[in-house]
Amino acid sequence: MSHGSLPPLPENRIVLSVGTVVVDFLAAVASYPNPDDKIRTTSLKVQGGGNAGNALICAARLGLSPRLISKVANDTQGRGILEELQADGVDTSSVVVSEEGNSPFTYIIVDNETKTRTCIHTPGYPPMIPSDLSQTSLSSALDGARVLYLDGRIHETALLVAQEAARKYVPILVEGERIREGLDDLLKLADYAICSAKFPQAWTEAASVPSALVSILVRLPKIKFVIVTLGEDGCIMLERSVDEAPQTEEMDVDSLLELLKQRKDDNIAIPTCVSSPLTKLRANGVGTVCGRLFVGTAEKVPPSELQDTTGAGDSFIGAVLYAICSNMPPEKMLPFAAQVAASCCRAFGARTGLPHRTDARLASFLS
């Protein structure tokens, strides 16, 4: 597919992120080891990683102009991290480089049998603190930004940037991967949230995932939408409506999800999306919210093509950042993000399979 046939890029495509960048040491093994085992790798890869870094490289390949606020040490790993980001078009001028200490890194064991990945992370030292970021650096990083993405780490610096972004009316996307120190403060400022499968119920203590999504919108009045990613089971999204729902009965959110699930066609390999009409959604013991519920499917990647799920969630977020910049409706955004994530899973490592905007698989979404 030629560049000439692609639609124009979003007019405002600057995205800023505060979060981690690391070096990933990926070891693929035939099956996960037992304690005290000695086993060999089937393949090994050393590559940049970290939620923010992966999502921004994904966004850059889709045509956005990402900027990163983070911290590395002036060591071999830190220099490698920055070079890799720059090579893919990520602006690292706001990344703080410490002369002392070590850059963060992660050991990742990829189990060829179950296709799971296990991460063992060593944080960077010294950690990033708000005073690392000058007011000038903060202002220039936010200048012209269409959206701010926070991966939930380096939370004190992230909060400082989020408060400034909110003052400048820059929308904020917060990732809820797991409960972390300082995450609640970030979520209060969020316009959008994307969560891992376990996070909504862990954070809200709701009885089900759909009830938890209602609870998130009830607790966080600023949030426009929340998405929970469910791996091969796709994703669920709850979008708040600014308009009042038409005078219809309240609908139980768990029942509505079951109805939507019945409507999806499991015979289609490509990602699809089904949605409810605008309605008043009730979660027992939680409250009600006006909005729409969406169920997105994942691509059915043939087992022979499925390599490694490392970074799939990060690539989903990178695609959502693109969708926000291009004002894509949810019905298009969710299958698009699922398609990008499926491409990521077809290669070993978080970044290897990230598609470029010229990728034929993305043509139907970008037209």
Side-chain angles (χ1 to χ4, degrees), residues 17-19 51 147-167 169-230 235-245 248-258 260 275-276 278-296 313 316-317 320-321 324 330 333-334:
S17 179
V18 184
N51 295 33
V147 61
L148 168 66
Y149 156 53
L150 309 171
D151 74 2
R153 294 171 177 85
I154 45 180
H155 63 94
E156 292 156 325
T157 306
L159 182 60
L160 176 79
V161 178
Q163 287 165 338
E164 187 65 22
R167 272 195 289 273
Y169 301 103
V170 176
I172 300 167
L173 186 155
V174 174
E175 177 180 1
E177 188 178 37
R178 56 190 174 86
I179 290 169
R180 298 178 187 280
E181 189 184 351
L183 184 62
D184 285 17
D185 294 330
L186 303 181
L187 284 167
K188 282 175 196 152
L189 293 169
D191 297 88
Y192 316 105
I194 299 186
C195 312
S196 65
K198 293 176 184 170
F199 180 83
Q201 284 176 272
W203 194 71
T204 63
E205 297 180 348
S208 67
V209 171
S211 298
L213 299 184
V214 171
S215 179
I216 288 169
L217 261 55
V218 167
R219 288 191 195 190
L220 303 170
K222 195 184 171 195
I223 291 230
K224 295 181 177 70
F225 71 63
V226 56
I227 299 172
V228 56
T229 58
L230 305 166
C235 64
I236 304 167
M237 169 173 163
L238 181 57
E239 179 185 46
R240 189 194 304 274
S241 171
V242 283
D243 309 314
E244 271 297 308
T248 53
E249 299 263 317
E250 282 183 5
M251 187 81 185
D252 175 72
V253 71
D254 290 293
S255 308
L256 181 58
L257 179 66
E258 287 313 308
L260 289 180
S275 62
S276 76
L278 172 59
T279 187
K280 201 166 217 176
L281 297 152
R282 184 186 71 251
N284 289 335
V286 172
T288 59
V289 68
C290 283
R292 293 172 73 199
L293 193 65
F294 298 81
V295 173
F316 188 97
I317 288 174
V320 169
L321 291 171
I324 290 169
M333 171 175 79
L334 298 181

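The main-chain N or O of Ala206 is never found under 3.5 Å from a side-chain atom of Ser211 such that the two would form a donor-acceptor pair. One N or O on the side chain of Ser17 and one on the backbone of Tyr149 form a donor-acceptor pair closer than 3.5 Å. Of the possible donor and acceptor atoms, one in the side chain of Thr229 sits under 3.5 Å from a partner among the backbone N and O of Cys195.
Rounded to the nearest 0.5 Å, atoms CD (Glu175) and CZ (Phe199) are 10.0 Å apart. For the atom pair CZ of Arg153 and CG of Leu186, the computed distance is 12.5 Å after rounding to the nearest 0.5 Å.
Taking the side chain as every heavy atom from C-beta outward, Thr279 and Leu281 approach each other to under 4.5 Å. By the 4.5 Å heavy-atom criterion applied to side chains, Leu213 and Val253 are not counted as neighbours. When side chains are defined from C-beta on, Leu160 does not count as touching Glu156, because their heavy atoms never get closer than 4.5 Å. Within the 4.5 Å cutoff, side-chain heavy atoms of Leu334 are placed close to those of Ile227. For the pair Met333 and Phe225, the minimum side-chain heavy-atom distance is below 4.5 Å. Counting heavy atoms from C-beta outward, Val289 and Leu238 have side chains that approach closer than 4.5 Å.
Screening Leu257, Leu230, Leu256 for a side-chain contact (heavy atoms from CB on, under 4.5 Å) involving Val295 leaves a single residue, Leu257. The only option from Leu173, Ile194, Leu148 that meets the side-chain contact (heavy atoms from CB on, under 4.5 Å) definition with Leu321 turns out to be Leu173. Under the side-chain contact (heavy atoms from CB on, under 4.5 Å) test applied with Leu150, the options Ile172, Leu187, Asn51 reduce to a single match, Ile172.
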Can you list the steps and then say if Gln163 with Leu159 is a side chain to side chain contact (heavy atoms under 4.5 Å, CB included)? CA-CA 6 Å; Gln163 287 165 338; Leu159 182 60; 3.7 Å; yes
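The two atoms that bring Gly152 and Arg180 nearest to each other are O-CD, 3.4 Å, heavy atoms only. Of all the heavy atoms in Ile179 and Ala202, the pair that sits closest is CD1-O, 3.5 Å. Closest non-hydrogen pair, Gln201 versus Val209, comes out as OE1-CG2, 3.3 Å. Taking both residues in full, the closest heavy atoms of Leu189 and Ala166 are given as CD2-CB, 4.4 Å, listed atom of the first, atom of the second, then distance. Across all non-hydrogen atoms, the minimal contact from Pro210 to Asp254 is CG-OD1, 3.5 Å. Contact detail for Thr204 and Ala212: the closest heavy-atom pair is OG1-CB, 3.3 Å.
For residues 282-291, every residue pair satisfying the side chain to side chain donor-acceptor pair (under 3.5 Å) rule, not counting sequence neighbours, is listed here: Arg282-Asn284. Sorted by first and then second residue, the side chain to side chain donor-acceptor pair (under 3.5 Å) pairs involving residues 185-196 (not counting sequence neighbours) are Asp191-Lys224.
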